Amino acid sequence: KAGVTQTPRYLIKTRGQQVTLSCSPISGHRSVSWYQQTPGQGLQFLFEYFSETQRNKGNFPGRFSGRQFSNSRSEMNVSTLELGDSALYLCASSGGTGVRDTQYFGPGTRLTVL
Amino acid sequence: EDQVTQSPEALRLQEGESSSLNCSYTVSGLRGLFWYRQDPGKGPEFLFTLYSAGEEKEKERLKATLTKKESFLHITAPKPEDSATYLCAVQATGGSYIPTFGRGTSLIVHP
């Protein structure tokens, strides 16, 4: 079974630009969660999508948004990039039922904002 | 509010020197506790899920145990390839299914 895939793996952007990251979950998984990981803050939850609907949301500004498609693939968008947005962005997929539900992570997208 | 605290923050071991990593948690009710391993610049790799106090799981040199307030990840006779950051996360009953992650323990095993 193929794992979670994320594209692109690396991105370099400048302040003020916007960026879109993509995540393909494990086949059969309906929940996709996004996390931001930085050395100072650790893993911080951004949002979770389940069956094309945002089901949970973390404490991030509205510049961070996402969506999920009918095939469960998900995209995350960050508008008006700031230097502090430089981080490893991780996508995790799970069945989404909550019962004995384990998240499996992708390799991440390393975003650098200059 | 759910809280997860991992200790120590960093641990250096000699090859073959066994030790334990700690994950203490505060949740209203525990649905599951997860251990992940993360190599630098990569996504966390799932290791174990524990669901109830007294449960234990093993994988090669790793053994995870769970009590009502904490979990331990025991590393027996570690090798340099066990060097990584180990993350603990808890999923609470009620509310969302989103796990709360600890900050991790960075383990370095010297040959």
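Note that this is a predicted model, so its numbers are computed, not measured.
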Please answer: with hydrophobic residues joined when any side-chain heavy atoms are less than 4.5 Å apart, are [X] and [Y] in the same cluster?
{"X": "A/Phe105", "Y": "B/Phe34", "value": "yes"}
{"X": "A/Tyr89", "Y": "A/Phe45", "value": "no"}
{"X": "B/Phe72", "Y": "B/Leu33", "value": "no"}

The interface call for B/Glu45 against chain A, heavy-atom contacts under 4.5 Å, is neither
Are B/Phe101 and A/Tyr35 near enough that their ring centres are under 6.0 Å apart?
-> yes
Does the side chain of A/Leu88 come within less than 4.5 Å of B/Gln38's, by heavy atoms? yes
| Do A/Leu43 and B/Tyr36 come within less than 4.5 Å of each other through their side chains, counting heavy atoms only? | no
When the 4.5 angstrom heavy-atom criterion is applied to A/Thr102 and chain B, the contacting part is both
Is it the case that more than 12 heavy atoms not belonging to [X] sit under 6.0 Å from its [atom1] atom?
{"X": "B/Lys69", "atom1": "NZ", "value": "no"}
{"X": "A/Asn59", "atom1": "CG", "value": "no"}
{"X": "B/Glu81", "atom1": "CD", "value": "yes"}
{"X": "A/Arg15", "atom1": "CZ", "value": "no"}

Taken to the nearest 0.5 Å, the spacing of B/Leu87 CG from A/Gln37 CD works out to 6.5 Å
Distance col, row B/Lys42:NZ vs A/Arg110:CZ, nearest 0.5 angstrom, shows 13.0 Å
Heavy atoms of A/Leu90 and B/Gly43 approach each other most closely as CD2-CA, 3.6 Å
Could you tell me whether a side-chain N or O of B/Arg103 sits under 3.5 Å from a main-chain N or O of A/Gly40, the two making a donor and an acceptor? yes
Notebook entry, point to check: Just checking, is any N or O donor in the side chain of A/Gln103 or B/Gln91 under 3.5 Å from an acceptor N or O on the other one?
Noted result: no
